[in-house]
Amino acid sequence: MAHRWTTDLTRADLTPERVFLNRRQLMAGVAGMGLSGLAATAAGAAEEEALTPNSYEDVTSYCNFYEFGTGKGDPSQYAHKMTTSPWSVKIDGLVDNPGDYALEDILSEMTIEERIYRFRCVEAWSMVVPWNGFELADLLNLAGVQAAGKYVAFETLHRPSEMPGMAYRVLDWPYREGLRLDEAMHPLTLMATGLYGKPLPNQNGAPLRLVVPWKYGFKSIKSIVRITVTDQQPPTSWNMAGPREYGFYSNVNPNVNHPRWSQASERQLGGGLFAKRVPTLMFNGYEDEVAHMYEGMNLREFY
Ligand code: MTE
């Protein structure tokens with residue numbers, strides 16, 4: 001598969017339709033998946049403005065990973081202390097095949113893809129990031145989600161000896177996140193293992209982190225060691241720290257303000273201090289793909 005991220009990109013490159021279609025078409029021309037609809041979305045999006053991924057330098061030096069400190073530069077300075085090999089992920093709860101999965105065994109079963117996603121942080125900056133990874137759905141299918149499963153909970157490595165920021169109780173460690181099962185199974189939801197075609201740097205959540213492009217960045221939990229399928233909505237770190245400010249859903253939504261600031265516009269990182277703010281798109285621009293999951297929900301209540 002060709003790497004497309006060195007040339008000019010369009011909105012069509014942000015969503016994985018092309019990769020998604022190629023992969024599915026290659027895998028025996030699957031019919032009945034609404035492919036024509038997806039192709040139409042891609043064609044329409046291609047007419048929109050061109051966007052360029054942030055530089056490798058931007059993506060790897062301006063990070064949030066509070067286990068290494070709360071400054072944006074702390075993770076790139078201190079995360080090299082984290083040992084990421086060997087690595088295993090405990091998958092438990094309502095699954096047919098619970099256990100400790102060695103990362104290399106997981107990877108041997110997965111199709112690694114390249115996807116360029118828009119990334120929007122709650123603090124009103126955004127980036128465009130070329131990720132490598134596999135669909136979380138593929139991993140959940142490997143574990144075999146049971147019919148009673150409704151949510152998926154995630155936990156980050158808890159290793160204070162290698163994570164100096166954990167000495168400060170800014171969050172209730174370990175870092176925790178969660179998704180509803182349909183969100184977790186959505187084809188846009190990625191378990192990232194790399195960026196720009198290179199292994200994931202520690203500060204970006206090596207060796208395995210979540211990426212959910214229609215949600216605010218804090219949902220993208222890093223350095224995952226545990227995945228639990230449950231029938232209860234799981235607690236999440238930011239919701240526990242500030243329930244009024246951070247809800248469980250955390251969908252990018254220009255119409256619902258964070259209590260302390262507007263969420264209606266954003267500034268793309270790397271454009272300099274005077275980069276112009278652009279309007280934030282509903283579901284971060286992935287509305288066609290994900291809005292159906294929230295039909296009938298009051299998104300002010302479920303923020
Ligand atoms: N995961 C862990 N374990 N700890 C964190 O502090 N920060 C979150 C998320 N995942 C965080 C985390 C926040 S607030 C953001 S915006 C993204 O990671 C940042 O990802 P990036 O540094 O790769 O851009």
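Both ligands and their constituent atoms are indexed starting at 1 by order of listing.
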Could you work out, for atom 4 (N) of ligand 1, the closest of Lys72, Glu67, Lys219, Met127 by heavy-atom distance?
Glu67
Ignoring hydrogens, just give me the one of Leu200, Asn64, Val170, Val59 whose non-hydrogen atom is nearest atom 16 (S) of ligand 1.
Asn64
Does [X] have a heavy atom less than 4.0 Å from any atom of ligand 1?
X	value
Cys121	yes
Arg209	yes
Phe119	yes

When only distance counts, is [X] in polar contact with ligand 1, meaning an N/O pair under 3.5 Å?
X	answer
Thr156	yes
Tyr62	no
Trp238	no

Can any side-chain N or O of Asp231 pair as donor or acceptor with the backbone N or O of Lys150 at less than 3.5 Å?
no
So, the side chain of Asn204 versus the backbone of Cys63: is there a donor-acceptor pair under 3.5 Å, distance only?
no
Per-atom contacts, ligand 1 versus Cys63 - under 4.0 Å to a heavy atom:
22 (O)
Using a strict 4.0 Å cut-off to heavy atoms of Asn204, name the atoms of ligand 1 that fall inside it.
21 (P), 23 (O)
Answer yes or no: is there an ion pair linking [X] with [Y], defined by an N-O contact shorter than 4.0 Å?
X	Y	value
Lys222	Glu67	no
Arg118	Glu266	yes
Glu123	Lys72	yes
Lys90	Asp92	no

Is it true that Glu183 and Tyr294 share a donor-acceptor pair across their side chains at a distance under 3.5 Å?
yes
What is the closest protein heavy atom to [atom], and at what distance does it sit?
atom	value
atom 21 (P) of ligand 1	Lys222 NZ, 3.4 Å
atom 6 (O) of ligand 1	Tyr66 N, 2.7 Å
atom 10 (N) of ligand 1	Ser220 O, 2.8 Å
atom 13 (C) of ligand 1	Phe218 CA, 3.5 Å
atom 17 (C) of ligand 1	Gly217 O, 3.4 Å

Relative to Phe248, does Lys219 satisfy both conditions: NZ or CZ under 6.0 angstrom from the six-membered ring centre, and within 45 degrees of the ring's axis?
yes
Below 4.0 Å, non-hydrogen atoms only: which portion of Tyr175 touches ligand 1? Side chain, backbone, both or neither.
side chain
Side chain proximity check, Asn202 to Tyr78, heavy atoms < 4.5 angstrom:
no
Is there a side-chain contact (heavy atoms from CB on, under 4.5 Å) between Tyr216 and Gln263 once you walk through the steps?
CA-CA 10 Å; Tyr216 290 107; Gln263 297 283 18; 3.5 Å; yes
